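Heads up: the structure comes next, in structure tokens.
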Amino acid sequence: MISVRIENLVKRYGNTEALGGVTLDLKPGTMTAVLGPSGCGKTTMLRALGGFLKIDGGSIFFGDQEVSKLPPQDRGAALVFQNYALWPHMSVYENIAYGLKIKKVPREEIKERVRKTVDLVGLDEDMLVKGRKPTQLSGGQQQRVALARALVVEPSLFLLDEPLSNLDAKVRSKLRVYIREIQQKVGITALYVTHDQEEAMSIADTIVIMNKGKIMQIGTPEEIYSKPANLFVAEFIGDSTVLKGKALSETESELEGNIISGVPIRSDDGSPAKAGDKVDIILRAADLKIMPRDTDCCESDKDLCLNAAVESSMFIGFKYKQIIKFNEQTIIADWEVDHHKEEIKLVVPKDKIRIFKS
């Protein structure tokens, strides 16, 4: 297991700065997931780590070794691609063994390491005996072959670039469990790039949120979800609604005549809120409760209660995603009971509200 450190990493494409001075530590034996919108720089960072891109500034360390100028084959990193990148003319065995043959590993050792790795990723050993080709496999099997090909060379750093995005939801859910189990069993340091928030939350020890070539927040899945560092993270993580309000003090805001007290107002630069400042109030769909309009839910100051109406709803398997109108603003809430076209009382726990200066 090795630690990996990126210091002030810069990558430009013409006048576009894909990475703007990124600094990040990967702890030995941990899985770090990188999340962000398209074009945020997450895949650029991964490919720079693997040596597939020439960087324009900064340093990359694998342990104590500075590897920024080393070619991919000398870094000891292995990359699993989004599109599997298997050679169709080679058998499953030949695909998996390819990296070991390049390294001139003895034939018998190759056979043993391929066999062990096939077992590790849950592939049937019959595939090796029967000489099956990648085109004869399902998408999930092909991705397991790609994982085996990367792991068989015993890399010091395991890089995964949206490896499950081409698979259907059920297979994707199973494979991410396998990937996590394999990573922990092998004890390898891994960086996992994905656009799937649920995938990142379930697979990673640490999550990195990126936007426009910069890191917005680093933390555990729980920290990222519960304590977003800024408005971008609060909006990006989870199914969120942003409502407009104004500050009354540093811990009190007004939302269309409803007072939210005791909730700190945060700003990206750390400056305190002043009365009259515009604020963005973040409500997550999963945190909201929908009650009948005549419910008396405001006896405690722990909740914010809003008179609203459900405009439409969608059944999504185990709950209803409901589109709610509050004055002129739209709120999305998840609730197990359908309140389509009803006037309701929307209950918002104050400890779940996040408020940021606009």
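Predicted model only: the values in this text are computed from it and were never measured. All values below were derived from every heavy atom in this structure, side-chain atoms included, with hydrogens, water molecules and symmetry-related copies excluded.
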Check this for me: does any side-chain nitrogen of one of Asp126 and Arg132 sit under 4.0 Å from a carboxylate oxygen of the other?
no
On a heavy-atom basis, which atom in Val233 and which in Arg284 lie closest, and how many Å separate them?
O-NH2, 4.5 Å
Should Leu159 and Leu19 be counted in the same cluster of Ile, Leu, Val, Met, Phe, Trp and Tyr side chains packed under 4.5 Å apart?
yes
Linking I/L/V/M/F/W/Y whenever their side-chain heavy atoms sit closer than 4.5 Å, directly or via other members, would Ile224 and Val22 fall into one cluster?
no
Decide whether Glu235 and Ser240 meet the rule of one side-chain donor and one side-chain acceptor closer than 3.5 Å.
no
Salt bridge check: are Arg293 and Glu343 linked by an N-O gap of less than 4.0 Å?
yes
When you compare the side chain of Phe326 with that of Thr241, does any pair of heavy atoms fall below 4.5 Å?
no
Check: Arg75 side chain, Val67 main-chain N or O, donor-acceptor pair, under 3.5 Å
yes
Within a 6.0 Å radius of atom NZ on Lys350, are there more than 12 heavy atoms belonging to other residues, nucleotides or ligands?
yes
Asp294 bridged to Lys345 by N-O distance under 4.0 Å
no
Quick test of your reading of the model: are Asp74 and Lys69 salt-bridged, counting only N-O distances below 4.0 Å?
no
Can you find a pair of side-chain heavy atoms, one from Met45 and one from Leu24, that are under 4.5 Å apart?
yes
Rounded distance [0.5 Å steps], OG in Ser271 versus CG in Asp277:
7.5 Å
Nearest 0.5 Å, please: how far is CG in Asn95 from CH2 in Trp87?
6.5 Å
Tell me if a side-chain donor or acceptor on Asp205 pairs with a main-chain N or O of Met31 at a distance below 3.5 Å.
yes
Show, in sequence, the C-alpha distance, side-chain angles and deciding distance for Leu123 and Val145, and conclude whether the side-chain contact (heavy atoms from CB on, under 4.5 Å) test is met.
CA-CA 8 Å; Leu123 280 170; Val145 173; 3.7 Å; yes
So how far is it from Glu154 CD to Lys103 NZ, rounded to the nearest 0.5 Å?
9.5 Å
Do any N or O atoms from the side chain of Ser156 and from the backbone of Gly76 form a donor-acceptor pair under 3.5 angstrom?
yes
Run the salt-bridge test on Asp280 and Lys244 with the 4.0 Å N-O cut-off and return the result as yes or no.
yes
For Pro88 and Pro134, the nearest pair of non-hydrogen atoms, with its separation, is O-CD, 4.1 Å
Tyr13 and Leu53, any side-chain heavy atoms less than 4.5 Å apart:
yes
Please step through side chain to side chain donor-acceptor pair (under 3.5 Å) for the pair Ser313 and Lys321, ending with a clear verdict.
CA-CA 6 Å; Ser313 65; Lys321 188 167 292 292; over 6 Å; no
When you compare the side chains of Lys246 and Ser253, does any donor N or O come within less than 3.5 Å of an acceptor on the partner?
no
Side-chain (Lys319) to main-chain (Trp335) donor-acceptor, under 3.5 angstrom:
no
Counting only heavy atoms not in Lys357 (residues, nucleotides, ligands), do more than 12 fall under 6.0 Å from its NZ?
yes
Backbone N or O of Ser91 within a donor-acceptor pair of the Glu94 side chain at under 3.5 Å?
yes
Just verifying a value: how many Å separate Thr135 OG1 and Leu137 CG, rounded to the nearest 0.5 Å?
7.5 Å
Might you point out which heavy atoms bring Ile2 and Thr189 nearest each other, and give the distance in Å?
O-OG1, 2.6 Å
When you compare the side chain of Leu26 with that of Leu191, does any pair of heavy atoms fall below 4.5 Å?
yes
So does Asp269 have more than 12 non-hydrogen atoms from other groups sitting under 6.0 Å from CG?
yes
So CG of Leu164 and NZ of Lys174: to nearest 0.5 Å the spacing works out to 13.5 Å
Would a single hydrophobic cluster contain both Val193 and Val4, if residues Ile, Leu, Val, Met, Phe, Trp and Tyr are joined by side-chain heavy-atom contacts under 4.5 Å?
yes
Is it true that atom OH of Tyr98 has more than 12 heavy atoms of other residues, nucleotides or ligands lying nearer than 6.0 Å?
no
Does a side-chain N-to-carboxylate-O contact under 4.0 Å join Glu109 and Arg107?
no
Show your working on side-chain contact (heavy atoms from CB on, under 4.5 Å) between Val121 and Tyr178 and close with a plain yes or no.
CA-CA 7 Å; Val121 301; Tyr178 272 114; over 6 Å; no
What closest approach, in Å, do Val10 and Gly21 show between heavy atoms, and which atom pair accounts for it?
CG2-N, 3.7 Å
Kindly compute the distance separating CZ (Arg180) from CD (Glu199), expressed to the nearest 0.5 Å.
13.0 Å
Polar side-chain atom of Asp303 near backbone of Cys305 as donor-acceptor pair, under 3.5 Å:
no
Result of checking Leu283, Asn258, Ile260 against Val348 for side-chain contact (heavy atoms from CB on, under 4.5 Å)
Leu283
Test item: Arg354 side-chain N/O and Arg266 main-chain N/O as donor-acceptor pair under 3.5 Å:
no
Check for a donor-acceptor pair, side chain of Glu223 on one end and backbone N or O of Ile207 on the other, with a separation under 3.5 Å.
no
Derivation and outcome, side-chain contact (heavy atoms from CB on, under 4.5 Å), residues Met291 and Ile344:
CA-CA 6 Å; Met291 300 295 178; Ile344 52 99; over 6 Å; no
With heavy-atom distances below 4.5 Å as the criterion, would you say the side chains of Asn211 and Pro37 are in contact?
yes
Within the 4.5 Å heavy-atom criterion, are Phe62 and Ile60 side-chain neighbours or not?
yes
Answer yes or no: is there a donor N or O on one side and an acceptor on the other, between the side chain of Gln183 and the main chain of Ile188, under 3.5 Å?
yes
Would you say that Ile265 contacts Glu250 through its side chain, given a criterion of any heavy-atom pair below 4.5 Å between the two side chains?
no
What about Leu120 and Leu86, same hydrophobic cluster or not, with Ile/Leu/Val/Met/Phe/Trp/Tyr joined at side-chain heavy-atom distances under 4.5 Å?
yes
For Lys325, look at atom NZ and say whether over 12 heavy atoms of other residues, nucleotides or ligands are found less than 6.0 Å away.
yes
Using side chain to side chain donor-acceptor pair (under 3.5 Å), reason through Glu7 and Ser59 one step at a time and then give a plain yes or no.
CA-CA 5 Å; Glu7 293 183 353; Ser59 303; 4.8 Å; no
Minimum-distance pair of heavy atoms, taken over all atoms of Gln322 and Val337
NE2-O, 2.8 Å
Just checking, any donor-acceptor pair under 3.5 angstrom between side chains of His195 and Glu162?
yes
Using 4.0 Å as the upper bound for N to carboxylate O, is an ion pair formed by Glu198 and Arg176?
yes
Do Met216 and Leu35 sit in the same hydrophobic cluster, where Ile, Leu, Val, Met, Phe, Trp and Tyr count as joined when their side-chain heavy atoms come under 4.5 Å apart?
yes
List the steps and the verdict of side chain to side chain donor-acceptor pair (under 3.5 Å) for Thr194 and Asp196.
CA-CA 5 Å; Thr194 179; Asp196 187 318; 5.5 Å; no
Is there side-chain contact between Phe52 and Leu46, with at least one heavy-atom pair below 4.5 Å?
no
Do any N or O atoms from the side chain of Glu66 and from the backbone of Phe61 form a donor-acceptor pair under 3.5 angstrom?
no
Exercise: identify the closest heavy-atom pair between Arg12 and Glu17:
NE-OE2, 3.9 Å
